[in-house]
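Being a predicted model, the structure only gives us computed values, none of them experimental.
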Amino acid sequence: MNTTMEAITEVEETLSELRQTFKSGRTRSVAWRKNQVSALLQLIHDQEDEIFKALYEDLGKHPVEVYRDEIGIVKKTINYTLSNLEKWVAPKKSRLPLLLFPTSGEVLPEPLGVVLIFASWNFPIALGLDPVIGAISAGNTVVLKPSEQAPACSSFLANTIPQYMDSKAVRVIEGGAEISELLLQQKWDKIFFTGSPQVGRIVMSAAAKNLTPVTLELGGKCPTILDSFSNPSDLKVAIKRIVGGKWGPCNGQACIGVDYILIEEKLASTLIELLKKTVKRFYSDSPKDSKCIARVINRGHFERLRNLLKDPLVAASIVHGGSLDEENLFIEPTILLDPPLDAAIMTEEIFGPLLPIITLKSIQESIEFINSRPKPLAIYAFTKDEEFRQRILLETSSGSVIFNDVLIQFICDALPFGGVGQSGFGRLAYNLDYLGLLLLFLGLKR
């Protein structure tokens, strides 16, 4: 590792200062916690235009997308936190056996200490600040490591957070892989990581040396099961939601985004035509020129996605799109029909604007198909068949199951959000960890 002594000293001094702050007890005060969370709300309010600029520079995100997926998410989390914080930190009475009468017992939420947060590049503001809110609300001190792959947002966070928050309790450390490695060599009381399973293994391995608890927010190939509908309008609603959920959030670069669709053979041609029409309606005839859809984060990821299409059999399966603009790092929404199941596009998380459609003889086969692969972060299923819904719930395992919609689990504060198995585990907030989430939305609304 080529890390300068200056960087090593900075990290060690930062960690020492945060530990002293935590030991002093200043972060335990509910008033202090609320003050810090409120300061973040002021930051968002004051720096909104700068956030728009940074996200456009890094990812080409449209202001509407920025507000929906970044600014709006953080504001919602802050308001929800401020409304519930006193209830969360209050001691909770615990019932004891009669044998112990008149003894009383209670559960007292306790902060962990110094928390390390690795933010991701696809939602660099929301997935940087949201975990900070959780950690601060729980009374911890924090080091936030923004992703170097979103340099404008990383710089923004490093420059603005010290202006609004307690710099002796919340610090931002920028840098590349060598800084991340250096941070992982330190002893932390909790590590929160959002990113790929490959890097997640590195984080967990480093944390194991000090028995540090971790929250890994990873991803995987999130399938969408599309059943047949007797009412054509229900199918159209489903297609709109799939298109919006696939290409709307960061042009497919989202861990809970739709990765592929499972459908019966007889419905494939109808699905493809509806997808084409909806993509055109949402993103125009020329999505690249519409400036309403994000670009690929950098050249490395652009090449990774291009390589997924290089396989001749995969390229032959393209039924819509497929054009790549290397200069502007833009790949248009692309639809593929039955690419080879052993090709990289079907064995790796796509994390981009490519959407494979896999046809089955019967939609019931989708359960076996999903179970033959690593557990996904989310399963989306469009169906009105109650028996089929129950089979999906009972016979599959994933971080979340959503019926007749996509992505909405991310905005439900009252329900836990996380993965299971390879898609991740744990949750950063108030010492609560969850292995998975079960979320049901049973109706189609036009």
Side-chain angles (χ1 to χ4, degrees), residues 220-249 252 254-279 282 319 335-338 341 346 350 355-412 415 417 419-420 423 436-446:
K221 296 186 71 64
C222 300
T224 292
I225 302 169
L226 185 57
D227 199 359
S228 58
F229 289 100
S230 57
N231 187 341
S233 64
D234 284 339
L235 179 60
K236 291 179 181 178
V237 170
I239 299 302
K240 290 177 183 177
R241 294 181 178 180
I242 291 170
V243 169
K246 172 62 182 179
W247 291 290
C255 61
I256 56 172
V258 174
D259 192 277
Y260 62 93
I261 298 176
L262 297 170
I263 193 171
E264 292 182 350
E265 289 178 355
K266 62 185 179 182
L267 298 174
S269 59
T270 301
L271 168 63
I272 291 168
E273 289 308 308
L274 285 173
L275 284 172
K276 289 179 180 179
K277 290 179 181 178
T278 308
V279 167
F282 283 13
V319 293
I335 303 167
L336 306 95
L337 179 62
D338 284 323
L341 297 182
M346 286 306 299
I350 294 172
L355 179 61
I357 298 169
I358 305 301
T359 60
L360 308 168
K361 296 292 184 183
S362 168
I363 199 62
Q364 303 291 327
E365 297 173 12
S366 59
I367 293 174
E368 181 180 353
F369 188 96
I370 291 169
N371 288 339
S372 67
R373 286 157 172 75
K375 296 177 181 180
L377 184 56
I379 295 174
Y380 304 108
F382 289 83
T383 180
K384 288 191 172 182
D385 185 334
E386 178 60 30
E387 182 179 346
F388 187 36
R389 283 200 292 253
Q390 291 303 314
R391 283 198 63 203
I392 293 171
L393 293 176
L394 295 174
E395 298 178 27
T396 67
S397 178
S398 60
S400 58
V401 178
I402 299 87
F403 290 109
N404 300 326
D405 214 328
V406 297
L407 301 183
I408 52 177
Q409 72 274 33
F410 185 64
I411 62 172
C412 296
L415 291 168
F417 176 88
V420 58
S423 61
L437 157 67
L438 189 62
L439 175 64
L440 309 182
F441 285 84
L442 301 180
L444 282 173
K445 298 180 181 178
R446 299 181 187 89

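Contact between Phe382 and Leu226 at its shortest, heavy atoms only, is CB-CD1, 3.7 Å. The two residues Leu341 and Arg373 have their closest heavy-atom pair at CB-NH2, 3.9 Å. When every heavy atom of Arg241 is checked against every heavy atom of Asn404, the shortest pair comes out as NH1-O, 2.7 Å. Annotation for Leu262 and Ser366: closest pair CD1-CB, 3.6 Å, computed over non-hydrogen atoms. The heavy-atom pair separating Cys222 from Cys255 by the smallest distance is SG-O, 3.5 Å. The two atoms that bring Pro223 and Ala378 nearest to each other are CD-O, 3.4 Å, heavy atoms only.
Atom CG of Asp338 is separated from atom OG1 of Thr359 by 3.5 Å, given to the nearest 0.5 angstrom. Taken from CG in Leu275 to CD1 in Ile239, the straight-line distance is 5.0 Å, to the nearest 0.5 Å. With rounding to the nearest 0.5 Å, the separation of CD1 in Ile357 from CG in Leu271 is 4.0 Å. Note that OG1 of Thr278 and CD1 of Ile242 are 9.5 Å apart. Values are rounded to the nearest 0.5 Å. Here CG of Leu360 is found 8.0 Å from CD of Glu265. Values are rounded to the nearest 0.5 Å. Here the CD1 atom belonging to Ile272 is positioned 4.5 Å from the CG atom belonging to Leu337, to the nearest 0.5 angstrom.
In this structure Glu387 satisfies the side chain to side chain donor-acceptor pair (under 3.5 Å) test with no other residue, sequence neighbours excluded. Every salt bridge (Lys or Arg N to Asp or Glu O under 4.0 Å) that Glu395 has, sequence neighbours left out, goes to Arg391. In this structure Lys240 satisfies the salt bridge (Lys or Arg N to Asp or Glu O under 4.0 Å) test with no other residue, sequence neighbours excluded. Considering only residues two or more places apart in sequence or on other chains, Phe388 meets the ring pair (Phe, Tyr, Trp, His ring centres under 6.0 Å) condition with none of them. Looking at residues two or more places apart in sequence or on another chain, you find a side chain to side chain donor-acceptor pair (under 3.5 Å) between Lys221 and Asp259. Not counting sequence neighbours, the partners of Leu267 by the side chain to side chain contact (heavy atoms under 4.5 Å, CB included) test are Ser228, Ile263. The side chain to side chain donor-acceptor pair (under 3.5 Å) search around Asn371 returns none, not counting sequence neighbours. Partners of Ser269 under the side chain to side chain donor-acceptor pair (under 3.5 Å) rule, at least two apart in sequence or in another chain, do not exist in this structure. Residues passing the salt bridge (Lys or Arg N to Asp or Glu O under 4.0 Å) test with Glu365, sequence neighbours excluded: none.
Looking only at atom types and distance, the side chain of Thr383 has no donor-acceptor partner in the side chain of Asp385 under 3.5 Å away.
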- [ ] Start with the C-alpha distance between Tyr380 and Ile256, add both sets of side-chain angles, then the distance that settles side chain to side chain contact (heavy atoms under 4.5 Å, CB included), and finish with yes or no.
- [x] CA-CA 10 Å; Tyr380 304 108; Ile256 56 172; 3.6 Å; yes

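The closest side-chain heavy-atom distance from Ile335 to Lys246 is not below 4.5 Å. Side-chain contact between Phe403 and Leu393 is present, with at least one heavy-atom pair separated by less than 4.5 Å. Side-chain contact check for Tyr260 versus Ile350: every heavy-atom pair is 4.5 Å or farther apart.
More than 12 heavy atoms of other residues, nucleotides or ligands shown are found within 6.0 angstrom of NZ on Lys276.
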